[in-house]
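Each chain gets a letter, A, B and so on, in the order its sequence line appears, and its residues count up from 1. Values below: every heavy atom of this structure, side chains too, minus hydrogens, waters and symmetry copies.
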There are 2 protein chains.
Amino acid sequence: MGAYLQFGCEALGDPTRFAIFEALTERPRAVGELAGLFPVSRPAVSQHLKVLKDAGLVKDRKAGTRRVYAVDPEGVARLRKELDRVWTDALSAFKRAAETWEEPHNA
Amino acid sequence: MGAYLQFGCEALGDPTRFAIFEALTERPRAVGELAGLFPVSRPAVSQHLKVLKDAGLVKDRKAGTRRVYAVDPEGVARLRKELDRVWTDALSAFKRAAETWEEPHNA
DNA sequence: ACTTACCGTAAGTGAATACTTACATACGGG
DNA sequence: CCCGTATGTAAGTATTCACTTACGGTAAGT
């Protein structure tokens, strides 16, 4: 019953952006600190963070002149739940087709 | 601890490709059948299926003149496990930073 | 054998997007 | 105040990548 959901899997599609998110799963970090971890410019990191934030996967907080980003547990839980549904459907589809693997349904 | 993994999250980054994968979580389908479900050409579907197959998320089987694709439970389980680690890290990072996040101690 | 159905791949095109540099803004320290 | 730090945004570029059409190849039906 897909329809197409955008929930945030797109946000993790880019390797650099995924790596930035993964760095935030270690601890909250400022933008400049993140930029030092990857071979991209600081503005590029800012743009990736914007995508992650729009997807609800991270949130930010002002700390003096710096801006600290951290994972947003709410968005993370939501994405996890959506994906868990997909994985469950996938595995149940496999079990269901395990024996009828011989006859594909046609349209 | 990162390094950057490619495990297959990229494969689900594209909406069309994700929808194709989701269609396979319902039941195994032939290429032509999948192409009938989305407003893209059949070769486009073939290319998406190649990406999904290279990521280990689907497998294929010849059935006469048709080729039937189905979810690969092994690759699905692997991706699920990897992502579960990420989600776990994310939530534990949140709990660890929960106290220092809300109210910065005024000084 | 000829034909039809089904599919993968090659090649080329167009659009999405990740990246850069340049600029404007907010904060804190001297 | 002035200055250095830290960041977001704008604008432009370049590269990725999703898509199409064209073609070749295989399997089944007649």
Value in whole Å for how far the [atom2] atom of [N] lies from [atom1] of [X]:
X	N	atom1	atom2	answer
A:Phe18	C:dA18	CZ	C1'	18 Å
A:Phe38	C:dA18	CZ	C1'	15 Å
A:Asp54	C:dA18	CG	P	13 Å
A:Arg61	D:dG8	CZ	P	14 Å
B:Arg42	D:dA22	CZ	C1'	11 Å
A:Arg29	D:dA6	CZ	P	16 Å

Checking contacts here: which listed nucleotide ([options]) is nearest the side-chain heavy atoms of [X]?
X	options	value
B:Lys50	C:dT9, D:dA6, D:dT9	C:dT9
A:Pro43	C:dT20, C:dC7, D:dA22	C:dT20
B:Lys62	D:dA27, C:dC7, C:dC27	D:dA27
A:Thr65	D:dT5, C:dC7, D:dG8	D:dT5

Item to check | side chain to side chain contact (heavy atoms under 4.5 Å, CB included) evaluation trace for A:Leu12 with A:Leu79 | outcome: CA-CA 11 Å; A:Leu12 298 179; A:Leu79 175 53; 3.9 Å; yes

Next on the checklist: Any carboxylate oxygen within less than 4.0 angstrom of a Lys/Arg side-chain nitrogen, looking at A:Arg42 and A:Glu33?
Outcome noted: no

Checklist entry - Under a 4.0 Å N-O cut-off, is there an ion pair linking A:Glu26 with B:Arg96? => result no

Item to check | Any B:Tyr69 side-chain N or O less than 4.0 Å from OP1/OP2 of C:dC6 | outcome: no

Checklist entry - Does C:dC7 have OP1 or OP2 sitting under 4.0 Å from an N or O in the side chain of B:Ser46? => result no

Checklist entry - B:Trp87 and A:Leu24: same hydrophobic cluster, using ILVMFWY side-chain contacts below 4.5 Å? => result yes

With the criterion being N/O to N/O and under 3.5 Å, what pairs connect the protein with nucleotides 17-19 of chain D, and how long is each?
{"unit_1": "D:dA18", "atom_1": "OP2", "unit_2": "B:Arg17", "atom_2": "NH1", "d": "3.2"}
{"unit_1": "D:dC19", "atom_1": "OP1", "unit_2": "B:Thr16", "atom_2": "OG1", "d": "3.2"}
{"unit_1": "D:dC19", "atom_1": "OP2", "unit_2": "B:His48", "atom_2": "NE2", "d": "2.3"}

Item to check | Gap between atom CG of B:Leu57 and atom CD1 of B:Ile20 - 0.5 Å precision | outcome: 12.5 Å

Checklist outcome for this item: Taken to the nearest 0.5 Å, the spacing of B:His48 NE2 from B:Phe18 CZ works out to 13.5 Å

Next on the checklist: Regarding C:dG28, can its base be found pairing with the side chain of A:Arg66 as donor and acceptor, where the two atoms are less than 3.5 Å apart?
Outcome noted: no

Checklist entry - If you count the non-hydrogen atoms of other residues, nucleotides and ligands that lie under 6.0 Å from CZ in B:Arg80, is the total more than 12? => result yes

